[in-house]
**Q** 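Attaching a single structure in structure tokens format; questions to follow.
On a predicted model such as this, the values are computed, not experimentally measured, just so you know. When reading the values below, keep in mind they use all heavy atoms of this one structure, side chains included, and skip hydrogens, waters and symmetry mates.
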Amino acid sequence: MEVVQKLDIESYAYDSEFDISSLTVSSGCDASMEQGFDISRGDFHFSSPIPKFTLTANSDDSSPEHVNERASRVENCISLRHRRSSPPYKKVRALRLFQSPATPKTLLEKCSDHTPATPAARSRLFSRFEKPKGVACAYPKLDKPSVNINPFTPNGMLLMSKKRTRSKRSLVGSPADGPDVQKFEVNDHEDSDSEVEQPTKRLALQDSNIPRYRKEFLEVRLIGTGEFGSVYECINRLDGCTYAVKKSIKPVAGSANEKTALNEVYAHAVLGQHHHVVRYYSAWAEDNHMIIQNEFCNGGSLAEAIEERQREKRPFTEPELRRLLLHVSEGLRYIHSMQLVHMDIKPGNIFISRDKRLYTLHDDSADDGFEEDDPVSTEEEITYKIGDLGHVTSVSNPQVEEGDCRYLPCEILQENFSHLAKADIFALGLTMYETAGGGPLPKNGEEWHNIREGKLKGLQQYSQDFNDLIKQMIHPHPEMRPSAVNLIQHRVLSPFGNQSKAQLRRELNAEKLKNEILAKQLENAEKCFKSLPANLIQQFSGNASDLAEGKRPVSARSWLTGKKVNRSHSTTNF
Ligand SMILES: Nc1ncnc2c1ncn2[C@@H]1O[C@H](COP(=O)(O)OP(=O)(O)OP(=O)(O)O)[C@@H](O)[C@H]1O
Ligand SMILES: [Mg+2]
């Protein structure tokens, strides 16, 4: 064992009975301890009464930078607690590394017959380790690193592309293996231990079961059940807010569905931050079921809304449809900007949030604060959000699981994945068509093919512009379909056309308020300027005209001290 460095704790007050058993390792520093400073291997040595604390490690790198870095890690991880009179923990920060890389003779070296800690000594040492009280560890100790790599984050994507490059290289010269099928595997390399071939899925769900559902949530009702999961409306006992909690119907841990369930979690975690994507809060495994806590959308799904409108014979108006198209396009623009695609856009996966807002009816009021006598109106604000992210995949490394065939473009069926974002646009086009009363959509047959050839019956009650836009969105050639950005900028979706009177009034009031604040600030600045002594104002004006002429302005300090600075020696004057 090589002695790396010695820490000087001369300034550290303690008495002579201090021994190694009073070393306490703070929880959470296990990883660094394992890598660099394993007490169980006897890498720490302390012997009273000599006031020296010697730190050794098994690394060959004894450069001062390396040692300093590791010493500061240890400093952060270890608190030395004295049995009788504990010095303040901050005192440990006073530990100072000797500058010389040559380690002076230490007690350890003197005790050359020193042997690593015996099992008995180790157990004595670890029995003293303290865990934070009252926090039960939900995870058993895992042999493998227990953090998954989300394939949809930039880092995850980079890792996946590196893997692909490696697997491509390994295919060179082996044509018998066939073409390189670009797929990401969340379960891949499960058994590989090598540093390079780290698995992306490192945490076995079975090992991470946590009983949270009943403890943290009050189940209000079952909202509905899909192919994989049941969704419940739940109130979080702590924060009092309502959430949609999705539980897999069957246990997924260890099953083939684990990958699908994890895919939804990965996608939600990366995408659940946008106003037009259902928000994600957390996910965990419980009884081997996957549970996802999402934003609760109190208006249900668009599919339910379509049914309701049909029952009530109350079709969507064109401004309502434009609003829907604008919101979903904004959600898609965000998803596509992350190099991801949804791949299952349909009315059942678009959710509605209804917010009741109060507005004052005074058009001229500069703010939205309510005076007691102000007449108030309520208006419902509807927001559409993209949900159900179970089919999300990345553009660069697609693993396509076909969505609902009613909304599927031909090219995906033919496994042409070169325009994946446009498959979302196609599905959105047919979603709009169905919402506008063009449904039910065919699942197959001649009509299915007709639609994919661009033969779509016109919707008489809507404008030609709107009909044309939908036709463009389901164009047989994906390149010809508009992108999400094109849609948002399209004149049919001009944002002002979609805003209600109350919303426009609110925006006007906000702008008026901004104007008033700026005018007030300007007025104050003018007052302040006028109150300055005349000579300062003069210098100010001089400075301003200097600036206008491109001359260097007088410095603020010379201004205040009244000294004229010799510009050629300005630095020495200060
Ligand atoms: N965030 C949410 N807010 C409100 N209701 C939701 C939410 N998420 C899902 N639901 C509702 O819960 C029900 C089940 O949803 P889920 O996505 O599990 O099933 P599905 O879409 O019908 O089927 P699949 O599992 O094949 O996607 C649906 O009626 C859906 O409208
Ligand atoms: Mg769904």
Side-chain angles (χ1 to χ4, degrees), residues 27-28 131-139 146-148 150 152-153 203 205 207-226 228-249 252-253 261-302 304 327 330-331 334-335 338 349-359 368-370 378-390 392:
S27 66
K131 275 190 185 157
K133 288 194 173 68
V135 180
C137 181
Y139 299 95
S146 56
V147 179
N148 288 340
N150 186 321
F152 301 143
T153 58
L203 181 70
L205 276 186
D207 292 334
S208 62
N209 279 306
I210 318 173
R212 281 181 59 184
Y213 187 66
R214 297 275 163 213
K215 273 189 195 162
E216 288 185 28
F217 297 93
L218 174 74
E219 193 177 286
V220 179
R221 68 178 173 113
L222 171 70
I223 306 174
T225 298
F228 285 110
S230 299
V231 181
Y232 296 85
E233 181 183 332
C234 294
I235 300 173
N236 182 288
R237 294 181 196 275
L238 187 72
D239 65 30
C241 290
T242 304
Y243 296 93
V245 178
K246 185 170 184 173
K247 287 200 273 182
S248 61
I249 296 170
V252 291
L262 263 179
N263 199 60
E264 190 169 345
V265 173
Y266 287 145
H268 259 301
V270 170
L271 294 173
Q273 310 287 340
H274 191 270
H275 193 52
H276 296 293
V277 176
V278 172
R279 197 163 167 187
Y280 162 85
Y281 289 90
S282 72
W284 68 98
E286 189 165 337
D287 291 333
N288 290 336
H289 290 253
M290 179 65 92
I291 304 191
I292 310 179
Q293 177 196 0
N294 281 335
E295 169 187 1
F296 172 66
C297 299
N298 58 359
S301 71
L302 177 63
E304 288 157 2
H327 286 193
E330 283 184 357
Y334 170 68
I335 294 174
M338 308 285 277
N349 291 338
I350 293 168
F351 296 92
I352 305 170
S353 269
R354 296 176 191 277
D355 286 326
K356 281 247 176 341
R357 301 252 160 130
L358 296 175
Y359 301 100
D368 264 343
F370 302 112
T378 58
E379 186 178 302
E380 197 174 58
E381 199 163 293
I382 291 181
T383 311
Y384 297 97
K385 296 171 186 250
I386 300 172
D388 202 340
L389 308 185
V392 166

**Q** Find the distance between CG (L389) and CG (N294) and round it off to the nearest 0.5 Å.
**A**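 So the CG of L389 and the CG of N294 are separated by 7.5 Å.
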
**Q** Would you check if I249 and S230 make a side-chain contact, meaning some heavy-atom pair closer than 4.5 Å?
**A**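 Contact flag for I249/S230 side chains = yes.
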
**Q** How about M290 and F228: do any of their side-chain heavy atoms sit closer than 4.5 Å?
**A** no

**Q** Please examine the side chains of Y280 and L271, heavy atoms only from C-beta on, and report whether any two atoms are closer than 4.5 Å.
**A**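 No. Closest side-chain heavy atoms not under 4.5 Å.
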
**Q** Are N263 and F152 close enough that some pair of their side-chain heavy atoms sits under 4.5 Å apart?
**A** yes

**Q** Is the closest side-chain heavy-atom distance between I382 and R354 below 4.5 Å?
**A** yes

**Q** Does any part of the side chain of I335, heavy atoms only, come nearer than 4.5 Å to the side chain of V392, both counted from C-beta?
**A**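 A side-chain contact is absent here, since even the closest heavy-atom pair is not under 4.5 Å.
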
**Q** Specify the closest pair of heavy atoms between S353 and C297, including all atoms of both residues, with the distance to one decimal.
**A**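 Residues S353 and C297, closest heavy atoms: OG-CA, 4.1 Å.
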
**Q** What are the two closest non-hydrogen atoms of V252 and A261, and how far apart are they?
**A**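 Minimum heavy-atom contact is CG2-CB, 4.3 Å.
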
**Q** Who pairs with E216 by side chain to side chain contact (heavy atoms under 4.5 Å, CB included), at least two apart in sequence or on another chain?
**A** R212, N236

**Q** Out of the candidates H327, H276, E295, only one should pair with K385 under the side-chain hydrogen bond (donor to acceptor under 3.5 Å, both in side chains) rule; please name it.
**A**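 Among H327, H276, E295, the one that satisfies the side-chain hydrogen bond (donor to acceptor under 3.5 Å, both in side chains) with K385 is E295.
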
**Q** Return the minimal non-hydrogen interatomic distance between A269 and N150, and the atom names on each side.
**A**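 Distance-wise, the nearest heavy atoms are CB-ND2, 4.2 Å.
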
**Q** Would you call the rings of F217 and W284 parallel, tilted or perpendicular, where under 30° means parallel and over 60° means perpendicular?
**A**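 F217 vs W284 ring planes: parallel.
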
**Q** Can you tell me how far CD1 of I352 sits from OG1 of T383, rounded to the nearest 0.5 angstrom?
**A**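 So the gap between those two atoms works out to 10.0 Å.
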
**Q** Find out whether T242 and V220 are in side-chain contact, i.e. whether some heavy atom of one side chain is under 4.5 Å from a heavy atom of the other.
**A** no

**Q** Rounded at 0.5 Å granularity, tell me how far CD in Q293 sits from NE2 in H268.
**A** 11.5 Å

**Q** Which residue pairs pass the salt bridge (charged side-chain N to carboxylate O under 4.0 Å, His left out) test with at least one member in residues 262-282, sequence neighbours excluded?
**A** K246-E264

**Q** Taking the side chain from H289 and the backbone from S248, do they hold a donor-acceptor pair closer than 3.5 Å?
**A** yes

**Q** Are more than 12 heavy atoms from other residues, nucleotides or ligands located less than 6.0 Å from atom CG of L238?
**A** no

**Q** When you compare the side chain of I223 with that of Y232, does any pair of heavy atoms fall below 4.5 Å?
**A**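 No - every pair of side-chain heavy atoms lies 4.5 Å or more apart.
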
**Q** Looking only at heavy atoms, what is the nearest atom pair of Y213 and E219, with distance?
**A**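 Minimum heavy-atom contact is OH-OE1, 2.7 Å.
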
**Q** For E304, which residues count as a side-chain hydrogen bond (donor to acceptor under 3.5 Å, both in side chains) partner, sequence neighbours excluded?
**A**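 If we apply the side-chain hydrogen bond (donor to acceptor under 3.5 Å, both in side chains) test to E304, skipping adjacent residues, there are no hits.
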
**Q** Measure the spacing between CZ of F296 and SG of C241 and express it to the nearest 0.5 Å.
**A**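 Rounded to the nearest 0.5 Å, the CZ-SG separation comes out at 12.5 Å.
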
**Q** Hydrogens and angles aside, do Q273 and Y334 bring a side-chain donor and acceptor to less than 3.5 Å of each other?
**A**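 Not at all, the side chains of Q273 and Y334 share no donor-acceptor pair under 3.5 Å.
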
**Q** State whether a side-chain donor-acceptor pair under 3.5 Å links N288 with N209.
**A**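 Yes - a donor-acceptor pair under 3.5 Å links their side chains.
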
